[in-house]
K.L.:
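I have a structure here, written as C-alpha cells, and I will follow up with some questions on it.
Sequence lines set the chain letters: A, B, ... in the order given, protein chains first and strands last, and positions in each chain run from 1. Side chains are part of it too, since the values below use all heavy atoms of this structure and drop only hydrogens, waters and symmetry mates.
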Amino acid sequence: MQASGQKRKLDVGDTSGLMASTASGTGVNPYTNRPYSRRFYEILETRKRLPVWEQKDEFFEMMRKNQTMVLVGETGSGKTTQIPSFMVDTGVTRGKRMVACTQPRRVAAMSVSKRVAEEMDVELGEEVGYTIRFEDMTGTKTILKYMTDGMLLREARCHAQTARPPGLAMADPLLERYAAVILDEAHERTLSTDILFGAAEEAPGSSRPRETRDHARLCRPARPHQGGRHPAARPQARGHVRHTRRGQVPGRLHPVEIFYTPEPERDYLEAATRTACRGARTRPCHVHLCEGEGDILVFLTGEQEIEDACRKTKQEVDNLGDQVPDVLVLPLYSTLPMDRQRQIFDPPPPPRKPGDPMGRKIIFSTNIAETSLTIDGIVYVVDPGFAKQKVYNPRIRVESLLVSPISKASAHQRAGRAGRTKPGKCFRLYTEVAYKTELMEQTYPEILRSNLGSDLVHFDFMDPPAPETLMRALELLNYLGALDDEGALTELGSMMAELPAGHCPQAKMLLYSPQLSCSNEILSVVSMLNTPNPFMRPREAAKAADEAKARFQHVDGDHLTLLNESASWCYDNFLNARSMKSADSIRAQLMRVMNRFGLELKSPDFNSKEYYTNIRKCLLAGFFMQVAHLERTGHYLTVKDNQAVVALHPSTVLQHKPEWCVYNEFVLTSKNYIRMVSDIKGDWLIELAPHYYDLKNFPSCEAKRTLERIYLKKGRAA
DNA sequence: AATCGTAGT
C-alpha cells in the first residue's frame with residue numbers, strides 16, 4: 001500500500017462545477033479568483049501525463065460511493081501531489097474545512113506543499129500550506145494542508161474536547177476541522193500513521209469498508225521479526241566478494257542493476273569496505289578499481305562503524321597510490337554536525353591530471369540516506385543488508401536497538417539510490433536465495449516494536465501490539481495517575497497528553513515540578529532529554545572532549561549536568577550548538593503549554609540546600625519506575641518488577657556508585673546499561689511514589705529490605 | 001568499565 005485516503009462528510013451532490021472550472025480552463029483560478037498564470041498551464045500539461053491523472057474520473061466515482069478508501073500506486077505515479085488537489089477540486093473544502101495530507105517526514109511536508117502550491121497557482125502559505133513542529137505555514141485561507149503524521153496525531157489528541165468514555169482515550173479523535181484526511185506513505189508504517197489509521201476507522205460516519213483493512217494488511221510482514229539473524233551471518237569459508245548478476249529495479253529515473261554475492265559474507269563490515277574500495281588480493285575487482293565514474297554509497301549501521309570504515313578506507317586508498325583516481329571519503333549520520341553533513345554534497349575530487357577519470361566520493365551512511373536524504377551523483381550502492389532497528393521487550397520494559405536484517409522494501413529503496421543520475425549498480429552483500437527467502441517483505445511496523453507511552457487502548461489497530469505491551473502501557477499510565485482504575489483518562493492524563501515531551505514520565509515530572517519549586521530547571525532538563533546528545537566526542541579529540549564535559553559535571557548525576565551548559569561555550573566545550581538550539585525551541589514550546597495550564601514557573605533558592613535535591617526529587621515524580629539499587633555484590637539491579645542486572649553507562653559523569661539511582665534510559669548494547677543517571681535517596685522513593693513502593697506488593701530482594709528499614713525509621717520518627 | 005539507528009510532537 002503506497003497511500004490511503006480517508007474522507008469525511010463529503011458533499012456528494014454538487015462537485016461537477018468546480019471540477020469543470022479547472023478542467024475546462026475558464027481561465028480563472030476558483031481559489032484565488034485571479035486568472036491562471038502561464039506557468040499554471042505549463043505545469044498542468046506535465047501533471048496530465050502522470051499516471052494518476054488517467055484515473056481521475058474513477059477516483060471521483062469512488063469518492064461518491066465511499067467514505068474511506070485506499071489507493072495503491074507506484075512511486076512516481078503522482079499520488080502525493082495530485083490526489084490532495086483532486087480532493088480539493090471535489091468541493092469538500094467549501095464548508096470552510098481543510099483537506100489534510102500527512103507525511104512521515106518534515107522535509108517531505110515542506111517540499112511537497114511547495115510543489116502543489118505552484119501546481120494550483122497559489123502562494124505557499126495561502127490556499128496551500130504546511131504545518132510541522134515549530135513552523136506553521138498556513139493561514140486563514142488555507143484549504144489544503146500538508147503536515148507531518150506526528151503533527152496530526154498531536155492535534156487528534158489535544159483538540160478533541162468532547163467527553164471521553166472510559167477506556168477510550170481517543171474516542172473522538174477525528175478532527176472536525178478537516179473535510180478529508182489523506183494518510184500518505186502509509187506503507188512506511190510509522191507509529192503515528194498506524195495510530196491515525198486506527199483512529200480513522202473509529203471515526204463516526206466511517207463506513208469501515210472491509211477493503212480498507214484488507215488492503216492495509218497487504219503491507220503487513222509475512223512473519224515475525226527476528227532480530228540479529230542475518231543470512232550473511234552464517235559461518236563459511238573466507239572469501240573475496242564476488243557478485244552474480246541478476247535482476248533489475250525499474251527506478252523512476254534510471255535502471256539499477258542488482259548484484260548478489262554467490263555465498264554469504266562472514267564479516268559484512270570488512271566486505272563492505274572491500275567492495276567499495278578493492279577486492280581481495282587474489283582478485284582485485286571492485287567498485288573503485290573496476291567501475292566507471294560515479295560516487296559510491298555504502299550503508300552501515302552506526303556512527304562508530306561508519307567512522308571506523310572511513311578511517312580504514314582512507315588508509316586503503318592511500319596505499320593504492322596515485323595510479324587510481326583520487327577519493328573523498330565521507331561519513332553521514334544524523335548526529336554529525338551540520339557542516340560535516342553538508343560535505344556529502346561537495347563535488348568529487350578532480351582528475352589527477354587532465355584526461356584522467358574524475359575522482360570519486362565514497363559515502364558511508366546510516367539509513368538516513370535510505371529515505372530522508374537524497375544525494376545526486378551516486379551510481380554505486382553497497383548494501384550489506386543490516387540496519388539498527390528498535391525492538392521492544394515488554395517483559396522488562398526495555399526498548400533497545402539491535403542490528404537486524406533489513407526488509408526487501410528497504411533493500412529496494414537502497415538500490416534505488418543508485419539510479420538518480422544515470423544507470424547504476426547495487427552490490428548486495430548477501431545471496432539471492434537469502435534475499436528471496438530470508439528477508440521480510442516489509443519492515444516490521446514500528447508500533448509492534450515500541451514501548452507505548454500514550455493512551456491507546458480499545459483500538460482497532462491494523463496490527464495490534466502484543467497484549468503485554470498494552471498492559472504495560474496501561475499500568476504505567478495508572479501509576480502516573482494519567483488513567484484511573486477504570487481506565488478512564490484523568491485530568492492529569494489529558495494535561496500530560498498535551499505536553500510534547502518524549503514519554504509520559506517526563507510530562508508527569510513537568511506537571512509536578514511547581515510543587516517542588518523547580519519548574520524552570522525541570523523545563524530545561526526535559527528539553528535536553530528530548531534533544532540529540534549535545535556532548536560531541538570526535539575520536540581525534542576524545543580526551544579533550546571528556547575533559548570539557550568534566551568541567552560541566554555535577555557530582556549528583558547526569559540530569560543536573562544538563563543544567564550546567566551554556567550555549568556560548570558550545571564550540572570550545574565540544575557541545576553541539578544545534579542540539580542546544582533545538583533544546584531551546586522545545587523549552588519554549590513546553591513553557592507555553594505550562595503557562596496555558598496556569599502552572600507557575602519558579603526556581604528554588606539557588607543558595608539553599610534544597611536547590612539540587614528538589615530537582616532530583618522531581619525526577620522521581622515521573623521516573624519512579626526507572627530506579628536501580630546497588631547490591632552488595634557491587635552490581636546494580638533495577639528495582640521492583642523484572643529485576644535486571646545493569647551497569648552505569650560509560651558516558652555517566654558519576655564518579656561514585658550511589659546506593660540508589662534514577663535513570664532515563666535502558667540501553668542494550670554490549671551489555672545492559674542505564675544511561676543518563678542521577679543519585680537519589682531511598683527515602684525519596686517512599687515520599688514521591690508511595691503507591692508504587694508499597695512493600696505489600698514487592699518481590700523479596702535487597703532493595704525491599706532497605707526500604708523496609710526506611711519505613712521503620714520513619715515510623716519511629718512519627 | 002569502556003559508548004549512542006532513524007523519524008516525529
K.L.:
Do any side-chain nitrogens or oxygens of A:K390 fall under 4.0 Å of OP1 or OP2 in B:dA7?
P.N.:
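The answer is no; no side-chain N or O of A:K390 sits under 4.0 Å from OP1 or OP2.
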
K.L.:
In this structure, how many angstroms lie between the P atom of B:dG5 and the CD atom of A:E370, rounded?
P.N.:
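Spelled out: CD on A:E370 to P on B:dG5 is 15 Å.
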
K.L.:
Go through B:dT9, B:dT6, B:dG5 for me and flag the one nearest to the A:K388 side chain.
P.N.:
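Per side-chain heavy atoms of A:K388, the pick is B:dG5.
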
K.L.:
Assign A:R105 to base, sugar-phosphate, or nothing according to its heavy-atom contacts below 4.0 angstrom with the strands shown.
P.N.:
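The answer is sugar-phosphate, as A:R105 gets under 4.0 Å only of primed atoms, P, OP1 or OP2.
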
K.L.:
Given B:dT3, B:dT6, B:dA2, identify the nucleotide with an atom nearest to the side chain of A:S651.
P.N.:
B:dT3

K.L.:
Any salt bridge between A:K388 and A:E305, counting N to O under 4.0 Å?
P.N.:
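Salt bridge absent between A:K388 and A:E305.
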
K.L.:
Scan A:I132 against the nucleic acid and name what it touches under 4.0 Å (heavy atoms): base, sugar-phosphate only, or nothing.
P.N.:
sugar-phosphate

K.L.:
Looking at A:T148, I'd like to know whether one of its side-chain N or O atoms comes within less than 4.0 Å of OP1 or OP2 on B:dA7.
P.N.:
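Checking B:dA7 against A:T148, no side-chain N or O comes under 4.0 Å of OP1 or OP2.
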
K.L.:
Can you tell me which nucleotide in B:dG5, B:dA2, B:dA7 comes closest to the side chain of A:N367?
P.N.:
B:dG5

K.L.:
What's the CZ-P distance between A:R189 and B:dT6, to the nearest Å?
P.N.:
23 Å

K.L.:
In whole angstrom, what separates A:E446's CD from B:dG5's P?
P.N.:
16 Å

K.L.:
Nearest whole angstrom, please: distance from the P of B:dT6 to the CD1 of A:I447.
P.N.:
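It works out to 22 Å between those atoms.
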
K.L.:
Remember a base hit wins even if backbone is also touched, and classify A:K657 as base, sugar-phosphate or nothing at under 4.0 Å, heavy atoms.
P.N.:
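Answer is nothing: A:K657 stays at 4.0 Å or more from every strand.
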
K.L.:
Expressed in angstrom and rounded to an integer, what is the separation of A:Y333 atom OH from B:dT6 atom P?
P.N.:
10 Å

K.L.:
Output the rounded distance in Å from CD (A:Q389) to P (B:dC4).
P.N.:
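The distance from CD of A:Q389 to P of B:dC4 comes to 17 Å, rounded to the nearest Å.
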
K.L.:
Go through B:dC4, B:dT6, B:dA1 for me and flag the one nearest to the A:T366 side chain.
P.N.:
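Output: B:dT6.
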
K.L.:
Within the structure shown, what part of the strands sits under 4.0 Å from A:S192 by heavy-atom distance: base, sugar-phosphate, or nothing?
P.N.:
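No contact.
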
K.L.:
Check step by step if side chain to side chain donor-acceptor pair (under 3.5 Å) holds for A:T193 and A:E185.
P.N.:
CA-CA 9 Å; A:T193 296; A:E185 309 290 2; over 6 Å; no

K.L.:
Using a 4.0 Å heavy-atom cut-off across all strands, classify A:T301 as base, sugar-phosphate, or nothing.
P.N.:
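Sugar-phosphate, backbone atoms only, no base.
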
K.L.:
Salt bridge check: are A:R106 and A:E135 linked by an N-O gap of less than 4.0 Å?
P.N.:
no

K.L.:
Going by an N to O cut-off under 4.0 Å, is there a salt bridge joining A:E155 and A:K145?
P.N.:
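Result for this pair is yes, salt bridge flagged.
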
K.L.:
Thinking salt bridges, do A:R311 and A:D308 make one under a 4.0 Å N-O criterion?
P.N.:
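A salt bridge links A:R311 with A:D308.
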
K.L.:
Using heavy atoms to find the nearest nucleotide of DNA chain B for A:N530 and A:Y673 separately, return the residue whose nucleotide is more 5′.
P.N.:
A:Y673

K.L.:
Categorize A:R675 for me: base, sugar-phosphate, or nothing, with a 4.0 angstrom heavy-atom threshold over every strand shown.
P.N.:
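Result for A:R675 = base.
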
K.L.:
Output the single nucleotide from B:dG8, B:dG5, B:dT9 whose closest atom is nearest the side chain of A:E303.
P.N.:
B:dG5

K.L.:
Would you kindly give the CG-to-C1' distance between A:L153 and B:dG8, to the nearest whole Å?
P.N.:
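The answer, rounded to whole Å, is 9 Å.
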
K.L.:
Test A:E665 against every option in A:H649, A:R675, A:H503, A:Q626 by the side chain to side chain donor-acceptor pair (under 3.5 Å) rule and name the one that passes.
P.N.:
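Running side chain to side chain donor-acceptor pair (under 3.5 Å) over A:H649, A:R675, A:H503, A:Q626 with A:E665 returns exactly one hit, A:R675.
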
K.L.:
Separation of A:L191 atom CG from B:dA7 atom C1', in whole Å?
P.N.:
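For the pair A:L191 CG and B:dA7 C1', the rounded distance is 11 Å.
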
K.L.:
Looking at B:dG5, B:dT9, B:dA2, which one has an atom nearest to any side-chain atom of A:P650?
P.N.:
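In terms of side-chain proximity for A:P650, the closest of B:dG5, B:dT9, B:dA2 is B:dA2.
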
